[in-house]
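Notes follow the structure.
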Amino acid sequence: MKSKIALIGCGGRSELAVEFHRPDLGAELVAAADPNQTAGAKFFRKLENQRGGKPHLYADYREMLEKEHPDAVLILSPDFLHKEQSDYCLQNHCSIYLEKPMALQVADCDSIIRLARRNHQKLMVGHNMRYMRFTRKIHDLIASGAIGEVRAIWCRHFVNYGGYAYFTRWMCEEDKVNSLLLQKGAHDIDIIHWFGGAESVLAVGMGNLSVFNRCHRRKPGEPRPSDDIPPWPPLEKQNLNPVINVNDHNMLMLTLANGVQATLLECFYTPDSCRNYTVIGTAGRIENYGDCHDNPTVEVWNTRHLDKVFNMKGDLSFDVTPTPGSHGGADPLIAEDFIRYLHGEKEPDIPISYARAAIAAGCAGAESMRRGSVPIKVEPLPEDLRS
């Protein structure tokens, strides 16, 4: 089987799109659309150099679909465009690979799922962290019973590049992201659900905008500076986005349907960068040191330690050095998974209900923060979408 694939959005995430040009798997990237033609041309050079593909370039994705008639579309555009572009592609009988977060509101996620079902199109959301070696190792250890029954999960996410990746552009505007619990946190919420074996039913959030609101901002209309190494300390950062109204640190507590409790802590002005998961069960705990960008290990403690000195080496230690490819080798794997899903060979490793659940929990956490950290029930999947 051969499939024609098109791309919407040639910006920073377009490195992923290169992985979908796989003639050996029966998939060819035939076209791309981006109103920024400079970004489009840059992507084309990357694709030709790495894979030899020569797609057509469009400024308008609607024109691209009308002329190219692709079988599937990769939507790698900014978050606030996901709903509009998903609707258009599905209405024009294209299956879609939709970058996370799925949408900014739970109702929009449900609408996208319904439309895909009604038009008999395939829908997959790009939660590539499920394809990273260290998360898969943790999940496999949990499934093997290495720490007994999971009861608590903690995630700490340090983002030392937040000063230029998130607070110099649209990602720090509430109407374009809702909350960074979606834009960034959707990954971690999904992994928490995966490790915990259930989706969230209750959320309590707390957070603040305490650093980047005090930094120098460029005036409306001034061009965004090119990405650079942020200064230290972060209060010296210059030329931030004119509008900043999302938190630069978030704390989220979740209760899952099976009683597992979890926390997500994310901070965008730390001196270092790392994702760290701790999973505690009835017979031990698991923790990773390092993630997909270095040489991580996964440690397991499953015997009693009576000494009071913390030992970073567990009873069991696993080297989970990333495989080749962007995002620690996850991007090539998720691209291949979508192609095989498109060809009817398998289902995605992340069910669409879990992609939606990450948004539902993130939205509930954001609402909790805005209402003074009151507990908020997470909106469940509607009955008509449960099958």
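Please read these numbers as outputs of a predicted model, since none were measured by experiment. Heavy atoms only: backbone and side chains are in, while hydrogens, waters and symmetry mates are out.
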Closest non-hydrogen atom pair, Glu99 against Gly126
OE1-O, 3.1 Å

Within 45° of the axis and under 6.0 Å from the centre of the six-membered ring of Tyr354, does NZ or CZ of Arg130 qualify?
yes

Would Glu28 and Arg22 satisfy side-chain contact (heavy atoms from CB on, under 4.5 Å), going step by step from the backbone distance to the final call?
CA-CA 6 Å; Glu28 183 180 3; Arg22 292 290 302 273; over 6 Å; no

Would you say that Leu256 contacts Leu254 through its side chain, given a criterion of any heavy-atom pair below 4.5 Å between the two side chains?
yes

Is Leu104 reachable from Ile75 through a run of hydrophobic residues whose side-chain heavy atoms are each under 4.5 Å from the next?
no

Only one of Met251, His249, His157 forms a side chain to side chain contact (heavy atoms under 4.5 Å, CB included) with Cys267, so which one is it?
His249

How many angstroms lie between atom CG of Leu74 and atom CD1 of Ile8, to the nearest 0.5 angstrom?
9.0 Å

Quick check against the 3.5 Å criterion: does Glu173 have a side-chain atom that pairs as donor or acceptor with the backbone of Trp170?
no

Are side-chain N/O atoms of Glu287 and Asn276 paired as donor and acceptor at under 3.5 Å?
yes

Between Phe212 and Tyr166, is the gap from one ring center to the other below 6.0 Å?
no

Look up atom CD1 in Ile96 and atom CG in Leu115, then write down how far apart they are to the nearest 0.5 Å.
8.0 Å

Does Met369, at its CE atom, have more than 12 non-hydrogen atoms belonging to other residues, nucleotides or ligands within less than 6.0 Å?
yes

Would Asp315 and His305 count as having a side-chain donor-acceptor pair, cut-off 3.5 Å?
yes

Would you give the length of the straight line joining atom CG of Leu141 to atom CG of Leu316, rounded to the nearest 0.5 angstrom?
8.0 Å

Do Lys122 and Tyr341 form a cation-pi contact, if we require the NZ or CZ to be under 6.0 Å from the six-membered ring centre and within 45 degrees of the ring's axis?
yes

Taking Thr135 for the side chain and Met129 for the main chain, is one N or O donor matched with an acceptor at less than 3.5 Å?
yes

Once you round to the nearest 0.5 Å, how far does CD of Gln105 lie from SG of Cys363?
5.0 Å

Given side-chain hydrogen bond (donor to acceptor under 3.5 Å, both in side chains), test Asp188 with Tyr277 step by step and report yes or no.
CA-CA 9 Å; Asp188 296 310; Tyr277 294 99; 2.5 Å; yes

Over 12 non-hydrogen atoms of neighbours within 6.0 angstrom of CH2 in Trp154
no

When you look at His127 and His187, which way does the side-chain contact (heavy atoms from CB on, under 4.5 Å) test go after all the steps?
CA-CA 6 Å; His127 281 273; His187 271 316; 4.1 Å; yes

Measuring from Phe318:CZ to Thr321:OG1, what's the distance to the nearest 0.5 Å?
14.0 Å

Can a donor-acceptor pair be found, under 3.5 Å and without considering hydrogens, that links the side chain of Arg356 to the backbone of Ile352?
no

May I ask you to test the Arg217-Phe167 pair for a side-chain heavy-atom distance under 4.5 Å?
no

Do NZ/NE/NH1/NH2 and the carboxylate oxygens of Glu299 and Lys313 come within less than 4.0 Å?
yes

Can you confirm whether Ser210 sits close enough to Tyr269 that some side-chain heavy atom of one is under 4.5 Å from a side-chain heavy atom of the other?
yes

Anything under 30° is parallel, anything over 60° is perpendicular, the rest tilted; go ahead and classify His56 against Tyr58.
perpendicular

Check: Asn119 side chain, Leu90 main-chain N or O, donor-acceptor pair, under 3.5 Å:
yes

If Ile, Leu, Val, Met, Phe, Trp and Tyr residues are connected whenever their side-chain heavy atoms lie under 4.5 Å apart, and connections chain through other members, are Ile286 and Phe134 in the same group?
yes

Go through the steps to decide whether Leu235 and Val211 satisfy the test side-chain contact (heavy atoms from CB on, under 4.5 Å), and finish with yes or no.
CA-CA 6 Å; Leu235 284 172; Val211 173; 3.9 Å; yes

Contacts table for residues 373-385: side-chain donor-acceptor under 3.5 angstrom, sequence neighbours left out:
unit_1: Ser373; atom_1: OG; unit_2: Gly205; atom_2: O; d: 2.7
unit_1: Glu383; atom_1: OE2; unit_2: Arg386; atom_2: NE; d: 3.4
unit_1: Asp384; atom_1: OD1; unit_2: Arg114; atom_2: NH2; d: 3.0
unit_1: Asp384; atom_1: OD2; unit_2: Arg114; atom_2: NE; d: 2.8
unit_1: Asp384; atom_1: OD2; unit_2: Arg114; atom_2: NH2; d: 3.4

Name the orientation class of the two ring planes belonging to Tyr97 and Phe338 (parallel below 30°, tilted from 30 to 60°, perpendicular beyond 60°).
perpendicular

Any Cys94 side-chain heavy atom under 4.5 Å of Leu65 side chain:
yes

Donor-acceptor pair, side chain of Asn288 and main chain of Pro296, under 3.5 angstrom:
no

Indicate whether the side chain of Tyr61 and that of Glu84 have a donor and an acceptor atom separated by less than 3.5 Å.
yes

Look at atom CD of Glu66 and say whether more than 12 heavy atoms of other residues, nucleotides or ligands are closer to it than 6.0 Å.
no

Closer than 4.0 angstrom, basic N to acidic O: yes or no for Lys42 and Asp34?
no

Side chain to side chain, Leu264 and Asn250, heavy atoms closer than 4.5 Å
no

If you measure from the Lys or Arg side-chain nitrogens to the Asp or Glu carboxylate oxygens, is any gap between Lys83 and Asp87 under 4.0 Å?
yes

When hydrophobic residues are tied together by side-chain contacts of less than 4.5 Å, even through go-betweens, does Leu57 share a cluster with Val30?
no

Quick one: are Met132 and His327 in side-chain contact, heavy atoms under 4.5 Å?
yes

Take atom NZ of Lys346 as the centre, draw a 6.0 Å sphere, and report whether it contains more than 12 heavy atoms from other residues, nucleotides or ligands.
yes

For the side chain of His82 and the backbone of Leu98, is there at least one donor-acceptor N/O pair under 3.5 Å apart?
no

Would you call Met102 and Ile113 a side-chain contact if the rule is heavy atoms closer than 4.5 Å?
yes

Minimum side-chain heavy-atom gap Leu182-Asp79 below 4.5 Å:
no

Ile339 CD1 to His21 NE2 distance, which is reported to the nearest 0.5 Å:
10.0 Å

Trp301 reachable from Phe195 in the ILVMFWY side-chain graph, under 4.5 Å edges:
no

Apply the test side-chain contact (heavy atoms from CB on, under 4.5 Å) to residues Val246 and Cys172: give CA-CA distance (whole Å), side-chain angles for both, the deciding distance (0.1 Å), then the verdict.
CA-CA 5 Å; Val246 300; Cys172 59; 4.0 Å; yes

State whether the side chain of Asn245 and the backbone N or O of Glu174 hold a donor-acceptor pair below 3.5 Å, judged by distance alone.
yes

Treat each ILVMFWY residue as a node, draw an edge where side-chain heavy atoms are under 4.5 Å apart, and state whether Val150 and Ile189 are in one component.
yes

So that I can tick it off, tell me whether Arg13 and Asp331 are bridged by a salt bridge, with the cut-off set at under 4.0 angstrom between side-chain N and carboxylate O.
yes

